[in-house]
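Positions are given from 1 along the sequence. One-based numbering, in listed order, for ligands and for the atoms of each. Keep in mind that what you see is a predicted model, and the values were worked out from it rather than measured.
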Amino acid sequence: MKLGLFGGSFDPVHLGHLLVAQAAVEELGLDRLFFIPAAQSPFKPESRPAPASARQQWLRLALAGKTNYEVDDQEIRRGGVSYTIETLRDFVKRFPQAQLFYLIGADNAAKLNEWREAGELAKLAEFVAIPRPGGAAAIFPPPFRGRMLKGFPLGVSSSEIRARLKAGLPVDHLVPPPVAEAIRNGRLYA
Ligand code: ATP
């Protein structure tokens, strides 16, 4: 069984994330793909993300009706800073026979050896870099095994969406429609 793990803040989830998911399922032949919202990213210590309950709800709305895509809440349940090594160990325990693929933005690949317990991390999963438009090809430092996906680069980011909402601009074509509606109703980024 091939499992994809996609960690991030998802503050909020957007169409770039969903296209990454589709490319990963198709190009890697994944059986299941888990979206794993972080409680607090170790790389964004200053950031105060929207409440976890809201980020989870948007993910559920974005993935509604999509078989094989799931939200894994373990990092939110653990709380504190979310370290990928702990999450990967949990997946190894739950799915000892599975082949694990961990998705990351191509720009993050070069710094993988700075992640907590990098040597162990490299043993537990293959890392898969996601292209962003205009971005350079991913470089994987040893001992990481990695590859790059082809499709579908889209220049959308959560920070751009938050900035647009703050400025009162629409985000309807950047996030799935039910997510746009939930964000409007929640007024979390106003
Ligand atoms: P922010 O703008 O707040 O930093 P983000 O849009 O990069 O957020 P995250 O939730 O932090 O979103 O991203 C989770 C993962 O998805 C990261 O590895 C990130 O590089 C990747 N990612 C996000 N947006 C895209 C996109 N448009 N194309 C490809 N990868 C993306």
* To do: Measure the distance from atom 18 (O) of ligand 1 to every protein heavy atom, then report the residue, atom name and distance (to 0.1 Å) of the closest one.
  => G105 N, 2.8 Å

* To do: Spell out, yes or no, whether M148 and L112 are grouped together once hydrophobic residues are joined by side-chain heavy atoms under 4.5 Å, including indirect joins.
  => no

* Can you list the atoms of ligand 1 that are under 4.0 Å from a heavy atom of G8? -> 10 (O), 14 (C)

* Note: D72-R94 ion pair, threshold 4.0 Å (strictly below) -> yes

* Asked: For ligand 1, which atoms sit closer than 4.0 Å to a heavy atom of G16?
  -> 27 (N)

* ligand 1-proximal atoms of A106, by part, heavy-atom distance under 4.0 Å -> neither

* To do: Heavy atoms only: give me the nearest R147-E126 pair and the separation to one decimal.
  => NE-OE2, 2.8 Å

* Check each atom of ligand 1 against the heavy atoms of R162 and keep those under 4.0 Å away; list them by number with element. => 3 (O)

* Nearest protein heavy atom to atom 11 (O) of ligand 1, by residue and atom, and its distance? -> K44 NZ, 3.0 Å

* **Straight-line distance of D90 CG to Q74 CD, nearest 0.5 Å** => 4.0 Å

* To do: Report yes or no: does V156 have a heavy atom closer than 4.0 Å to ligand 1?
  => yes

* Asked: For the hydrophobic clusters of this structure (ILVMFWY residues joined by side-chain heavy atoms under 4.5 Å, transitively), does one cluster hold both I183 and L18?
  -> yes

* To do: Please write down residue, atom name and distance for the protein heavy atom closest to atom 2 (O) of ligand 1.
  => S159 OG, 2.5 Å

* To do: Tell me, yes or no, whether the heavy-atom count around E181 atom CD, taken from other residues, nucleotides or ligands under 6.0 Å, exceeds 12.
  => no

* **ligand 1 to H14 polar contact by distance, N or O atoms, under 3.5 Å** => yes

* Spell out, yes or no, whether I36 and F10 are grouped together once hydrophobic residues are joined by side-chain heavy atoms under 4.5 Å, including indirect joins. => no

* To do: Check each atom of ligand 1 against the heavy atoms of V20 and keep those under 4.0 Å away; list them by number with element.
  => 29 (C), 30 (N)

* To do: Under 4.0 Å from a heavy atom of I104: give me the atoms of ligand 1 that qualify, with their elements.
  => 18 (O)

* Structure fact -> A student comparing L18, I130, N108 should find that the heavy atom closest to atom 30 (N) of ligand 1 comes from I130

* Structure fact -> A student checking ligand 1 against S157 at a 4.0 Å heavy-atom cut-off should list atoms 2 (O), 6 (O)

* Asked: Which atoms of ligand 1 have any heavy atom of P131 under 4.0 Å away?
  -> 28 (N), 29 (C)

* Structure fact -> Looking only at non-hydrogen atoms, the one of R132, H17, E160 nearest atom 7 (O) of ligand 1 is R132

* To do: Enumerate the atoms of ligand 1 whose separation from the nearest heavy atom of G7 is less than 4.0 angstrom.
  => 14 (C), 15 (C)

* Asked: Do E86 and R89 sit within salt-bridge range, that is, some charged N less than 4.0 Å from a carboxylate O?
  -> no

* **Connected via hydrophobic side-chain network under 4.5 Å: F91 and L28** => no

* Asked: Among all protein non-hydrogen atoms, which one is nearest to atom 10 (O) of ligand 1, and what is the separation to 0.1 Å?
  -> F10 N, 2.8 Å

* Assign the ring pair F35 / Y69 to parallel, tilted or perpendicular, where the plane angle (0 to 90°) is split at 30° and 60°. => tilted

* Should the pair W58 and Y189 be assigned to parallel (<30°), tilted (30 to 60°) or perpendicular (>60°) ring geometry? -> tilted

* Protein contact to atom 15 (C) of ligand 1 [nearest heavy atom, distance to 0.1 Å] -> F6 CE1, 3.5 Å

* **Closest approach of any protein heavy atom to atom 6 (O) of ligand 1, naming residue and atom** => S158 N, 2.7 Å

* Asked: Quick one: does S47 get within less than 4.0 Å of ligand 1, heavy atoms only?
  -> no

* Asked: Are L33 and V128 grouped together when hydrophobic residues (ILVMFWY) are joined by side-chain heavy atoms under 4.5 angstrom apart?
  -> yes

